[in-house]
Amino acid sequence: MKRPQLVSKGTLARLLQEAEQARNLLDFSRSIESLERATRLDPANANLLLNLGHAYGKNFDFAAAERSFDRAIRIAPRKSEALAAAAMRARDFGSATLAERYYRAASEQKDVTPDTFVALAENAERLSRLEEAAQLTERALALKPNFPSALLVRARLDRQAGRLSEAEQILR
């Protein structure tokens with residue numbers, strides 16, 4: 001059920017502009033204040049909550065970031081998109097653990113995208129979990145054959161395994 005918006009578009013736009021200006025100045029506390037006001041005025045806006053979580057993360061308040069992300073995911077109409085968006089934001093503010101948790105949750109959704117599997121594969125590759133990375137890459141390719149990002153990961157994995165001709169063939 002969609003809740004009614006409690007604020008005019010102009011007021012919301014002004015708050016978002018204030019938050020963005022503060023973020024550009026790296027004043028994350030002020031950005032958080034503006035986003036908090038916006039979310040109180042439009043509590044059913046998952047994107048606002050995702051942005052609020054990102055601002056908290058940039059301010060090194062990872063617990064508050066996680067709470068905002070979880071609220072956004074609860075109200076989001078498409079859970080897999082919200083989970084992936086939370087993961088991308090968590091990765092941006094440097095929480096690989098939180099990002100992986102949200103990507104894994106997104107990978108369990110019915111409408112999972114190949115991008116989610118590629119992101120998990122890249123994370124596994126960075127952590128030298130190459131077998132897991134290969135499996136995740138195959139899952140991405142099963143959803144979308146010839147998916148460029150997945151093919152690139154597969155080529156890197158082939159190169160690391162010493163299969164240079166296979167890696168080169170994929171890249172060509």
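The basis for the numbers below is simple: all heavy atoms, side chains too, and nothing from hydrogens, waters or symmetry mates.
For the pair F93 and F62, the minimum side-chain heavy-atom distance is below 4.5 Å. Put simply, the side chain of F147 reaches to within 4.5 Å of the side chain of D115, judged on heavy atoms. A 4.5 Å side-chain heavy-atom check between L157 and V153 finds at least one atom pair inside the cut-off. In this structure, the side chains of E125 and R156 come closer than 4.5 Å at one or more pairs of heavy atoms. Looking at heavy atoms from C-beta onward, T116 lies out of side-chain contact with L83 at the 4.5 angstrom threshold. Side-chain contact between S29 and N59 is present, with at least one heavy-atom pair separated by less than 4.5 Å. Looking only at side-chain heavy atoms (C-beta outward), S31 and L35 come within less than 4.5 Å of each other. At a threshold of 4.5 Å between non-hydrogen side-chain atoms, the residues F117 and T137 do not count as touching.
Taking a cutoff of 4.0 Å between a charged side-chain nitrogen and a carboxylate oxygen, R154 and E138 qualify as a salt bridge.
A continuous path of ILVMFWY side-chain contacts below 4.5 Å connects I73 to L98, so both sit in one hydrophobic cluster. The hydrophobic cluster containing L127 does not contain L130, counting ILVMFWY residues as joined when their side-chain heavy atoms lie under 4.5 angstrom apart, directly or transitively. Under the 4.5 Å side-chain heavy-atom criterion for grouping Ile, Leu, Val, Met, Phe, Trp and Tyr, L136 is not connected to I170 through any hydrophobic cluster.
With hydrogens and angles ignored, the 3.5 Å screen pairs a side-chain donor or acceptor of K79 with a backbone N or O of R74.
Annotation: the span from T39 atom OG1 to L50 atom CG amounts to 11.5 Å, rounded to 0.5 Å. Here CZ of R163 is found 9.5 Å from OG of S165. Values are rounded to the nearest 0.5 Å. Interatomic distance, CD of E166 versus CD of E168, reported as 10.5 Å (0.5 Å rounding). Distance OG/S107 to CZ/R139: 5.5 Å, rounded to 0.5 Å. Taking CG of L120 as the reference point, atom CD of E100 lies at 6.0 Å (rounded to 0.5 Å). Rounding to the nearest 0.5 angstrom, the gap separating the CG atom in N47 from the CG atom in L52 is 11.5 Å.
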What do the steps show when you test L151 against L141 for side chain to side chain contact (heavy atoms under 4.5 Å, CB included), and what is the final call? CA-CA 8 Å; L151 291 172; L141 290 169; 4.0 Å; yes

Would you check, one step at a time, whether the test side chain to side chain contact (heavy atoms under 4.5 Å, CB included) holds for L152 with V118? CA-CA 10 Å; L152 183 59; V118 169; over 6 Å; no

Check against side chain to side chain contact (heavy atoms under 4.5 Å, CB included), L49 and I75: CA-CA 10 Å; L49 288 165; I75 66 171; 3.6 Å; yes

Give the C-alpha distance, both sets of side-chain angles, the deciding distance and a yes or no for side chain to side chain contact (heavy atoms under 4.5 Å, CB included) between E33 and E18. CA-CA 9 Å; E33 287 175 22; E18 284 176 16; over 6 Å; no

Could you go through E81 and Q109, starting from their C-alpha distance and side-chain angles, then the distance that decides it, and tell me whether this counts as side chain to side chain donor-acceptor pair (under 3.5 Å)? CA-CA 10 Å; E81 286 179 10; Q109 300 295 310; over 6 Å; no

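Side-chain contact check for Y103 and E122: no donor-acceptor pair (N or O, by modelled atom type) lies under 3.5 Å. Of the N and O atoms on the side chains of N123 and R91, not one donor lies less than 3.5 Å from an acceptor on the other residue. For Y102 and D70, the side-chain atoms include at least one donor-acceptor pair closer than 3.5 Å.
Minimum interatomic distance between S80 and A106 (heavy atoms only, all atoms of both residues): O-CB, 4.0 Å. Among all heavy-atom pairs drawn from A167 and A155, the shortest one is CB-O, 3.3 Å. Across A65 and G53, no two heavy atoms sit closer than the pair CB-O, 3.2 Å.
Tested against N51, the residues R89, E20, R23 include a single side-chain hydrogen bond (donor to acceptor under 3.5 Å, both in side chains) partner, R89.
No more than 12 heavy atoms of other residues, nucleotides or ligands shown are found within 6.0 angstrom of CD on Q169. Residue-environment remark: NZ (K144) stays at or below the threshold of 12 foreign heavy atoms within 6.0 Å.
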